[in-house]
Amino acid sequence: NRFLLYLPYRSAMRMLTGSCYISPYRSAMRMLTGSCYISPYRSVGYENAGTVEFLVDKHGKHYFIEVNSRLQVEHTVTEEVTDVDLVHAQLRVCEGRSLPELGLTQETIRVNGCAIQCRVTTEDPARGFQPDTGRLEVFRSGEGMGIRLDSASAFPGAVISPHYDSLLVKVIASGKDMSTAAAKMHRALSEFRVRGVKTNIPFLQNVLSNHQFLHSTVDTQFIDENQNLFIMKPVQNRAQKLLHYLGHVMVNGPTTPIPVKAKPSSIDPVIPTVPMGEPSLGFRDVLLREGPEGFAKAVRAHPGLLFMDTTFRDAHQSLLATRVRTHDLKKIAPYVSHNFNNLFSLENWGGATFDVAMRFLYECPWKRLQELRTLVPNVPFQMLLRGANAVGYTNYPDNAVFKFCEVAKENGMDIFRVFDSLNYLPNMILGMEAAGRAGGVVEAAISYTGDVSDPMRQKYSLAYYVKLTEELMKAGTHVLCIKDMAGLLKPESSRILISALRDRYPDVPIHVHTHDTAGAGVAAMLACAEAGADVVDVAVDSMAGMTSQPSMGAMVACTKGTKLDTGIALEKVFDYSEYWEVTRGLYAPFDCTATMKSGNADVYENEIPGGQYTNLHFQAHSMGLGNKFKQVKKSYSEANKLLGDLIKVTPSSKIVGDLAQFMVQNNLTREEVCGGKADELSFPLSVVEFLQGHIGIPVYDGCLPSPPSQVLKSLPRIEGRPGATLPPLDFDALEAGLRLLHGDDITQEDVMSAAMYPKVFQEYKEFTGSFGPVDCLSTRLFLDGPKIAEEFQVEIERGKTLHIKALAVGDLNKTGQRGVFFELNGQLRSVLVKDNVAMKEMKFHPKALKSVRGQVGAPMPGKVIEVKVEPGQKVEKGQPLCVLSAMKMETVVNSPLTGVVTVIHVDTDNSLEGDDLILEITAEE
């Protein structure tokens, strides 16, 4: 009763790991005769299903490999093209049935079309197909006509262990021919959503798109000769990452530091109505048409007073700790474009906003500029450039400053307000040249301090400012700016200063910036306008006053019907202000009014810049010194005098503030610091670097630096412009390094962010890599997370909206995590979040830090089989250190450098997670 028949074979693509990933049946390669299959079985009297394996060369010659006395995992492709249920038939034969009784004879076997099987596994192609382990947070398969799924143990919540096979599911696609089956398979794989572990799906998709594979011309060298198969498109995983972020906030609280314990308002602002169509032409149209020179002439010829609106930058930098997000700026931007088209400019970038965007808001500052430019095409954008320091707090190579301005201009920036914290001309001129070469409008800003109306204060006299203006005019500025960062301009000093500059330079536009800390800002700006200023800075009413700029509404009302009439409708200002009044409530944890209830005229004495005034007030209250803020301000004034009465604006204002805090903490008086104690004290680093000349040369030396050797001791002093001797920055090398770390989607904007703030940019990329595009979230959700049972929507891109409902936060598990449960687009999702408070009380194996070269981490989860080195042993680069085992695969961990083993953190039989610290090596010098 023995019968033998063969079923047409399939070809299998095998990887070096031994795992079979793609198994297509291809009728075009049926070159073996049935006897080749049957002969081995007949010769040994075999009675069961089995698999014969051959190699076939391009000439059709075949080479026997082995016989498997079982069905193999790829048997499904044979089932699909022959319509024979092999498993069922095998069981029936075991019951004693013959093949003819089952209707299986050689003559009845027919091949129909083509089938492909892909094994979806938790193996990472980018790491040599090393097994990945973890919890399946999401598992959704692709289905449809011509798709068969043979599942393993894949479901949401399943734990993938290093001790079992990594198979999630076998996907079988069938069609009339190879290309049809491959297309169905590619579609099905693209519909899979597997989150929580890495899979081989991106690699499989690359194979299915390969021309060689689709035309059945692969051989045993296919993988080696097609290394582009390993260039895989990264999975975005945006939805699950955002759920991780929301869960993290729900468990651990805000990710950005909160100055005061206040909750964001639950009320969302109402966006005022915006008319359909394009906005009216504005000054940016003049700039684009006539260039910077023509723009300056148009501004000078304008009959009324012009405004720069600081609401989008300096106003919230002064009142809300620079925390306003692009999300809220974008909402109101179209209204500004349509109703304030006659603004001189909209200040929305530069200064502290650049690093704060990445450091605390986890959003790209360049993306903010790009998106606002699209929404406001008609109003010039203005930024604050710190001269040779660009938007940083340190010195940069000259080519970095020039490149920064070039990229900023390409992304939509128009006017560059260039200043230096010491009015140090070499630093200012470099910034002016960089902005001018980029094609921007150069607005050279003189930082104002002192009081030109007080004959007793002669250090920063009218003659000083006139002379400085003369130098800036020679350097080619398009617009002249007076930057009164502490709000020290009084009406009389405004008239004196602006009149003198207007008389000497009748053709240059004059732009005045101030803060309203003392409450006299509107009066001072009106005096400036009457004396000949063309532009003054204002903020919308609900974001004005105190340490911010004077009120836009007040200025509009005061000039209405006069020669200075702004042409702005007050009712439009009211609607604009109402939006920001409600929006400001969303930023309650950062609002200066939490601790500061009014402005204060003592700023005329202590001269603290607006933004710093707010920060010092926050710091004093957080340290329990709220009732001693008067003493803090007095110390600031004393520190300023010690340093020689500096012009105080970032970063020089920080130097004064650091010295003031140093004096308070150490109970030092001005006399003690100046009286010979300098060589005994450990001054703040910012003070020491200032005395070395790191930020430039001040106008005069003060008491403290008069014997600089007492403070600097053996430290050198910098002569001339600090950045002049720095070597040019290698942008190509920087970009190559970033691509190595973060993938190929690095842009020139990313390169500039990394050039300005290397560490901040790295942390920003790591954060967004873990938590996704958090800039898509509303501000309340970003800061405080959702409430249980709250439903909300998140638009991650145009036309793609997530519908989310927060369901519950689970109990603490033994690993210090809590499950947080959501409903996403109608489906249950869960994430595990580490409870930071609980984690402090629990002990865990340390992780290897990528930034520390000598720390060697586990390349994959697994068990330690053998440790090959001992503490104190010298090792060479590439020398085996230990052996790990996981999923039937052993991996040797080699030394990344030559050095000496200092600490070993593992023992034999230890179970490790990925990146767990194995040992530490001190590099050989």
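All residue numbers refer to positions in the sequence shown, counting from 1. Since the model is a prediction, treat every value here as computed from it, not as a measurement.
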Given side chains that start at C-beta, do those of Met555 and Leu526 come closer than 4.5 Å, heavy atoms only? yes
In Å, rounded to the nearest 0.5 Å, how long is the span from CG of Leu320 to CZ of Arg325? 13.5 Å
Do the side chains of Glu581 and Arg584 get close enough for a salt bridge, i.e. N-O under 4.0 angstrom? no
Please report the shortest heavy-atom distance between Gly487 and Thr514, naming the atom on each side. CA-OG1, 3.5 Å
Would Lys490 pass as a cation-pi partner of Tyr604, given that its NZ or CZ must be under 6.0 Å from the six-membered ring centre and within 45 degrees of the axis? yes
Check whether any side-chain heavy atom of Val336 lies under 4.5 Å from a side-chain heavy atom of Leu343, and answer yes or no. yes
Report yes or no: do Asp328 and Thr779 form a side-chain donor-acceptor pair below 3.5 Å? yes
Can a salt bridge be assigned to the pair Asp775 and Lys330 using a cut-off of 4.0 Å between side-chain N and carboxylate O? no
Would you call Glu293-Lys297 a salt bridge at under 4.0 Å N-O? no
Checking side chain to side chain contact (heavy atoms under 4.5 Å, CB included) for the pair Leu242/Ile804: CA distance, chi angles, key distance, verdict? CA-CA 10 Å; Leu242 286 174; Ile804 304 174; 5.7 Å; no
State, with a plain yes or no, whether a side-chain heavy atom of Leu501 is found less than 4.5 Å away from one of Ile510. yes
Scan side-chain atoms only and decide if Thr256 and Tyr362 contain a donor-acceptor pair under the 3.5 Å cut-off. no
Identify the heavy atoms of Met546 and Lys597 that sit nearest to each other, and give their distance. CE-C, 4.2 Å
Is the closest side-chain heavy-atom distance between Gln317 and Thr310 below 4.5 Å? no
Sub-3.5 Å donor-acceptor pair from the side chain of His515 to the main-chain atoms of Ala486, do we have one? no
Just wondering, do His513 and Tyr448 contact through their side chains at under 4.5 Å, heavy atoms? no
Does the side chain of Ser542 pick up a donor-acceptor pair with the side chain of Ser577 at under 3.5 Å? yes
Indicate the atoms forming the closest heavy-atom contact of Ser453 with Glu492, along with that distance. CB-CG, 4.0 Å
Answer yes or no: is there an ion pair linking Arg502 with Asp534, defined by an N-O contact shorter than 4.0 Å? yes
With heavy-atom distances below 4.5 Å as the criterion, would you say the side chains of Phe416 and Trp349 are in contact? no
To the nearest 0.5 Å, atom CD1 of Ile498 lies from atom OH of Tyr465 at 11.5 Å
The single option from Asn378, Asp414, Asn341 passing side-chain hydrogen bond (donor to acceptor under 3.5 Å, both in side chains) against Arg284: Asp414
Flag the pair Phe404 / Phe354 as yes when their ring centroid distance falls below 6.0 Å, and as no otherwise. yes
Under 4.0 Å between a side-chain nitrogen and a carboxylate oxygen: does that hold for Arg359 and Asp355? yes
Compare all side-chain heavy atoms of Leu369 with those of Met383 and state whether any distance is below 4.5 angstrom. no
Should we say atom CZ of Arg289 is surrounded by more than 12 heavy atoms from elsewhere, each under 6.0 Å from it? yes
Tyr576-Phe340 aromatic ring centre distance below 6.0 Å: yes
Ser345 versus Gln382, side-chain donor and acceptor atoms under 3.5 Å: yes
Shortest non-hydrogen separation from Ser499 to Arg495 and the atoms involved: OG-O, 2.6 Å
Glu371-Thr326 side chain donor-acceptor pair, cut-off 3.5 Å: no
